[in-house]
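The model shown is predicted, which means the values in this text are computed figures rather than measured ones. All ligand and atom numbering here is 1-based and tracks the order in the structure.
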Amino acid sequence: MDKTCKHIVFLTGAGISAESGLSTFRSEDGLWNKHRVEDVATIEAFERQPEYVHQFYNSMRPELFAAQPNAAHLSIARLQKELKQHKISIITQNVDTLHEKAGSNNIYHIHGQINQLVCLQCGHVSETWAEAHSTDVCPNCHTQGNIKPNIVFFGETPLCLDVVDNLLKTCDLFISVGTSGVVYPAAGFVQIAKLYGAETYEFNMEKTSNNYMFDHHIFGKAGSTLPTFIDELIAQYQ
Ligand code: APR
């Protein structure tokens, strides 16, 4: 890790929340082995069966509301608190709010958030942990039937990409935690960071699809490996 490091970017995926008890997507018992993506996570599914899609995300909300951050989330929040001279950004693919619950800031949810709804008519985003339905009325434009979970479906453009692009081009250290590296554009973020001079680390339980793009690999459960690594970062840069 270079002494001149001033900007650290984390990219997190479902694996960082696994030790908080939340399902990942592509493991044997993952979400996409229990539900078809084509039924609940595409804009075509939402147009075909909006209430069914709402029910899928309604069923996820109570578990994600109750979930608590684990040592991995807490270690990133600790790093942000300890390294006050550094810019430390979190790009997350996760729709849970565990980084927020851990006390982190500078969080960019590129796939949306489970506790948000968006109106397809006016674009208004509202926050809720309650159930949502296809007959809901938008609190902003007062039209009915345009409310969608603020989750980025396959085929939609991820959020915050303009900000993310700048983060990737200005960071000195890029740290990927708990993502399988199969969904773009997130899976290609490491290449941009590396092209612009960042040192890159991958934290995972196993070799991933884009493993070859990273300079360093730290295998193991993020709840153990990341706090140890972050202790070293704090000791080096404090
Ligand atoms: N510590 C570290 N890594 C872990 C842990 C853990 N405790 N548990 C699981 N992992 C790793 C797995 O090895 C896997 O590589 O986390 C990764 C989870 O991969 P996915 O289930 O594919 O989740 P993710 O990469 O976040 O998916 C990306 O795909 O379906 C879309 O929008 C969805 O944001 C999601 C995107």
Side-chain angles (χ1 to χ4, degrees), residues 9-46 53 56-57 60-61 63-64 67-76 90-99 102 107-116 118 148-161 164 174-191 200-214 216-230:
V9 168
F10 288 89
L11 170 66
T12 63
I16 199 173
S17 299
E19 291 162 82
S20 294
L22 299 184
S23 296
T24 60
F25 290 96
R26 293 170 181 82
S27 56
E28 271 163 43
D29 62 344
L31 272 174
W32 297 150
N33 287 323
K34 294 174 186 162
H35 304 273
R36 282 169 23 94
V37 166
E38 298 76 10
D39 291 340
V40 294
T42 65
I43 196 69
E44 293 77 15
F46 186 69
V53 172
F56 174 70
Y57 293 100
M60 285 175 66
R61 276 194 197 96
E63 185 186 19
L64 271 66
Q68 291 305 308
N70 63 57
H73 300 101
L74 294 168
S75 67
I76 298 175
I90 303 168
I91 302 166
T92 187
Q93 300 174 91
N94 299 339
V95 297
D96 64 52
T97 55
L98 294 181
H99 285 303
I107 305 163
Y108 300 92
H109 284 270
I110 60 169
H111 292 167
Q113 281 179 239
I114 192 66
N115 61 319
Q116 290 182 345
V118 63
K148 165 184 170 291
N150 193 26
I151 303 284
V152 176
F153 290 152
F154 286 97
E156 290 190 298
T157 304
L159 307 173
C160 317
L161 288 187
V164 163
F174 179 85
I175 302 169
S176 172
V177 185
T179 181
S180 56
V182 298
V183 174
Y184 284 81
F189 287 171
V190 56
Q191 286 178 305
T200 60
Y201 283 78
E202 180 180 52
F203 286 74
N204 204 298
M205 302 272 281
E206 60 192 13
K207 254 189 145 186
T208 61
S209 310
N210 61 347
N211 164 278
Y212 63 94
M213 299 179 190
F214 288 88
H216 309 283
H217 309 276
I218 298 181
F219 294 107
K221 289 190 170 186
S224 312
T225 56
L226 194 59
T228 303
F229 180 77
I230 280 178

| query | Near ligand 1, which protein residues have a heavy atom under 4.0 Å away? | reply | G13, A14, G15, A18, E19, T24, F25, R26, W32, Q93, H111, F154, G178, T179, S180, V183, N204, M205, E206, G220, K221, A222
| task | Can you label the angle between the F229 ring and the Y201 ring as parallel, tilted or perpendicular, going by 30° and 60°? | result | tilted
| request: If the plane angle is over 60° it's perpendicular, under 30° parallel, otherwise tilted; pick one for W32 and F25. | output: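 Judged by the thresholds at 30° and 60°, the geometry between W32 and F25 is tilted.
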| query | Between the side chains of Q113 and N115, does any donor sit under 3.5 Å from an acceptor? | reply | yes
| message | Quick one about T24 and S27 (side-chain donor to acceptor, distance below 3.5 Å, no hydrogens or angles considered), yes or no? | response | yes
| query | Between S75, S17, S20, which is the residue that forms a side-chain hydrogen bond (donor to acceptor under 3.5 Å, both in side chains) with N70? | reply | S20
| query | For the atom pair OG1 (T92) and CD1 (I107), what is the distance rounded to the nearest 0.5 Å? | reply | 8.5 Å
